[in-house]
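Input: a single structure, listed below in structure tokens.
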Amino acid sequence: MTNPEVVAILERIGDLLEIKGESRFKVIAYRKAAEQVRDLGRDLAAVHREGGLDAIPGFGAAIAAKVAELLDTGSLGYYTKLIEEIPASLAELLRVPDMGPKKVKLLWEQLGVVDLPGLAAAAAAGRLRDLPGMGEKSEARVLAGIQAMATRSDRAPLGDALPVAEAIAADLRALPGVVAVEPAGSLRRRKETVGDLDILAAAVDAAPVIQAFVSRPDVGRILGQGPVKASVELVTGMRAQLWVHPPAHFGSALLYATGSKDHNVALREFALAQGLSLSEHGLKRLADGEEIRFATETALYAALGLPFIAPELREGRGEVAAARAGRLPRLVESSDVVSTLHNHSDWSDGKATILEMAEAAIARGLKVLAITDHSGGLGITQGPKEKDLPRQREAVRAAQVRLGDRIRLLQGSEVEIRADGSLDFSDAALAQLDIVVASMHVSLRQSRDQVTARMLAAIHNPHVDIIGHPTGRMIPDRARADLDLDAVLAAAATTGVALEINANPRRLDLSDVLARRALEAGCLLSINTDAHQPDHFDFLHFGVAVARRAGAEPERIINCWTPERLLAWLADRGRP
DNA sequence: GCCGTTTTCGGCCCGACTGTTTTCAGTCG
């Protein structure tokens, strides 16, 4: 039984218990456990073999026993009994917008509706409007919701969502009376995919801002509109919502809108323990009802006795406790990154010359640029063959002469890890290069044993310095290779090979979860844009965001080292 | 069902919006 299968069952149990009307805290417990497994970054079965299930946060005696049963036997008696009592298909009804557990239960008990087609039929036949608490509008909403489900786009990649949100924010900022606008939500936390766009504005008079938002030409329909918030569906299918708060509240409002929900809950509980009630409007002292407002998040955290917690860490994974204990990491920032070590030029599938790439890197303040064109064996990119490397070395040297000391160029390669586990260049050729990134682009669907053996062979090759986009996943639709990550991370940690966080928003590989695990395993990381043209260097912040979500400090990221230290590290690894 | 700087039992966030209601329940974030 795989992690996603366990997640699905835990979530399903939570859904069914909610419909059944069980204690909401029990429901939350199952959902939290599911969330933990989703973000575990490890094979749950392996954790179970080590006897570590009950060490997972949110796993108590009851859930640990149930998950153990699932992993051991492939089934769960508790779940089997549950779905005899409540049709499992009812859970899918919760996905319909505006359908919650109470309505699902009502429909099931009163009309015998058990699945989506049944719901659609009942709504179309006009049988919903006579149920208690429902009417014609509710019925129409259900029908519209089912239709929206069919067409509604899934979570959007961060790289697609960010420009849309920033465009909306820029338009709102230009309105008279608007003091500030910030994209918030999962976007501000830099999750790799984003559901809805959450945008927060500060203005004394909310009405004109709300009106401007819902009147945008790219709005397909208005989903809701009130005096302080509105939500819309854009013509692209993406959803966006806007809150407008007075500037004096902006700190607490931004905190609220940024989330995550779990972070907010943890913070509100922490506030309550101090006799303070926290909402988007600020803090309220329970003793005397006095309200305290905050124009900035920093001031609000300070009032709770906490340092500022970076949005990327606000996932409800213990960051509030860490902040309280003074154990927050000094997170890497884009300005810490001085080297870019995986980049392409027109020597393979890049769109620019070495010199053009160097000028672009200099313009962004970088001090070291490695040109790592694809090895010729990856035919489609027309990269240099082994015999071409000396000629490319001359080209890099010539460019270096032109550039002087404005930037340090390295001649490297993104050498292909072939399907049989060998590398595309001989050891002798690799030994002549300044830096070597080894990556897989082919045969990613091999068996776990095969693909892991290939990766381990590359990591153990003494001429390899970095593993590029280690898992091969693409956002949103290509799953990662089926690697034994425990083995890969252990090998990288012992050999000192750095694992890449590829900053291309379609890759973000390693992911935040795996990068965190790599750090725990003792690995070095390398954030690279994998630039194929000059403006790709602007992807850097995406990679930095992944590292920040992983809790990475600059010390563990080789791109943050001074050029001298980086070159010394390469020399230690046997570089010329 | 989980969890602990107040608790091993009794807690477990807070408010906006909608639709159906004459004061609230359900849903959402």
Side-chain angles (χ1 to χ4, degrees), chain A residues 10 13-14 17-19 21-36 54-67 78 93-107 128-142 144-145 184-186 195-200 206 210 222-232 239-245 249 252-253 255-284 286 291 305 316 318 320-321 324-325:
Chain A
L10 290 173
I13 291 174
L17 290 177
E18 188 175 34
I19 293 167
E22 273 280 3
S23 149
R24 63 194 178 96
F25 302 110
K26 191 188 275 196
V27 172
I28 289 169
Y30 279 97
R31 293 195 176 142
K32 278 193 169 162
E35 185 68 19
Q36 285 294 330
D54 41 16
I56 298 173
F59 272 51
I63 289 183
K66 289 189 176 76
V67 170
Y78 175 79
L93 298 181
L94 292 175
R95 312 284 166 262
V96 179
D98 300 317
M99 287 287 289
K102 301 285 167 53
K103 286 189 189 170
V104 170
K105 185 164 194 249
L106 186 70
L107 285 159
L128 267 47
R129 63 184 68 178
D130 296 329
L131 293 171
M134 297 193 72
E136 288 185 31
K137 283 194 177 176
S138 312
E139 191 173 87
R141 276 175 89 104
V142 168
S186 52
D196 299 349
L197 306 179
D198 296 314
I199 299 170
L200 178 72
I210 298 273
I222 301 170
L223 302 171
Q225 182 179 354
V228 303
K229 68 176 275 198
S231 84
V232 300
R239 291 182 174 205
Q241 59 185 332
L242 173 73
W243 290 268
V244 185
H245 279 266
H249 295 191
S252 52
L255 186 84
Y256 162 76
T258 299
S260 65
K261 188 181 168 105
D262 287 341
H263 178 77
N264 288 349
V265 169
L267 214 53
R268 285 170 179 189
E269 286 175 351
F270 184 65
L272 269 183
Q274 301 178 46
L276 298 163
S277 170
L278 171 62
S279 77
E280 56 265 48
H281 305 297
L283 284 174
K284 196 192 310 187
L286 295 175
E291 295 183 1
V320 173
R324 180 180 192 196

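Below, each value reflects all heavy atoms present in this structure, side chains not excepted, and no hydrogens, waters or symmetry copies. This is a predicted model, so every value here is computed, not measured. So you know, we letter chains A, B, ... as the sequences are listed, proteins then strands, and number each from 1.
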(message) Can you work out whether A:L131 or A:L278 has the more 5'-proximal nearest nucleotide on DNA chain B?
(response)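 Its nearest nucleotide lies further toward 5', so the answer is A:L278.
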Short side-chain N/O contact to [N] OP1/OP2 from [X], under 4.0 Å:
| X | N | answer |
| --- | --- | --- |
| A:K66 | B:dG1 | yes |
| A:S277 | B:dC13 | no |
| A:Y256 | B:dC14 | no |
| A:H281 | B:dA16 | yes |

(request) Decide yes or no on salt bridge (charged side-chain N to carboxylate O under 4.0 Å, His left out) for A:E18 and A:R31, but give the supporting numbers first. (result) CA-CA 11 Å; A:E18 188 175 34; A:R31 293 195 176 142; 2.7 Å; yes
(request) Between B:dG1, B:dC13, B:dT5, spot the one nearest the side chain of A:R324, thanks. (result)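 The answer is B:dT5, which lies nearest to the side chain.
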(message) Given B:dC17, B:dT5, B:dC2, identify the nucleotide with an atom nearest to the side chain of A:K229.
(response)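 Ranking B:dC17, B:dT5, B:dC2 by closest atom to the A:K229 side chain puts B:dC17 first.
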Using a heavy-atom cut-off of 4.0 Å across all strands, would you classify [X] as base, sugar-phosphate, or nothing?
| X | result |
| --- | --- |
| A:I28 | nothing |
| A:A61 | sugar-phosphate |
| A:P101 | sugar-phosphate |
| A:Q241 | sugar-phosphate |

(message) Going by purine N1 to pyrimidine N3 plus the second Watson-Crick contact, or the G-U wobble pair, all under 3.5 Å, which nucleotide sits opposite B:dC3?
(response)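 Across all strands, the one nucleotide that pairs with B:dC3 is B:dG10.
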(message) Rounded at 0.5 Å granularity, tell me how far NZ in A:K229 sits from CD in A:Q241.
(response)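 Nearest 0.5 Å value for the NZ-CD distance: 5.0 Å.
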(request) Check each of A:K261, A:R268, A:H281 against A:Y256 using the side chain to side chain contact (heavy atoms under 4.5 Å, CB included) test, and report the only one that passes. (result)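 Going through the options one by one, the only one that passes is A:R268.
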(request) Provide, to the nearest angstrom, the distance between the CZ atom belonging to A:R141 and the C1' atom belonging to B:dG19. (result)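 Taking atom C1' of B:dG19 as the reference, CZ of A:R141 is at 8 Å.
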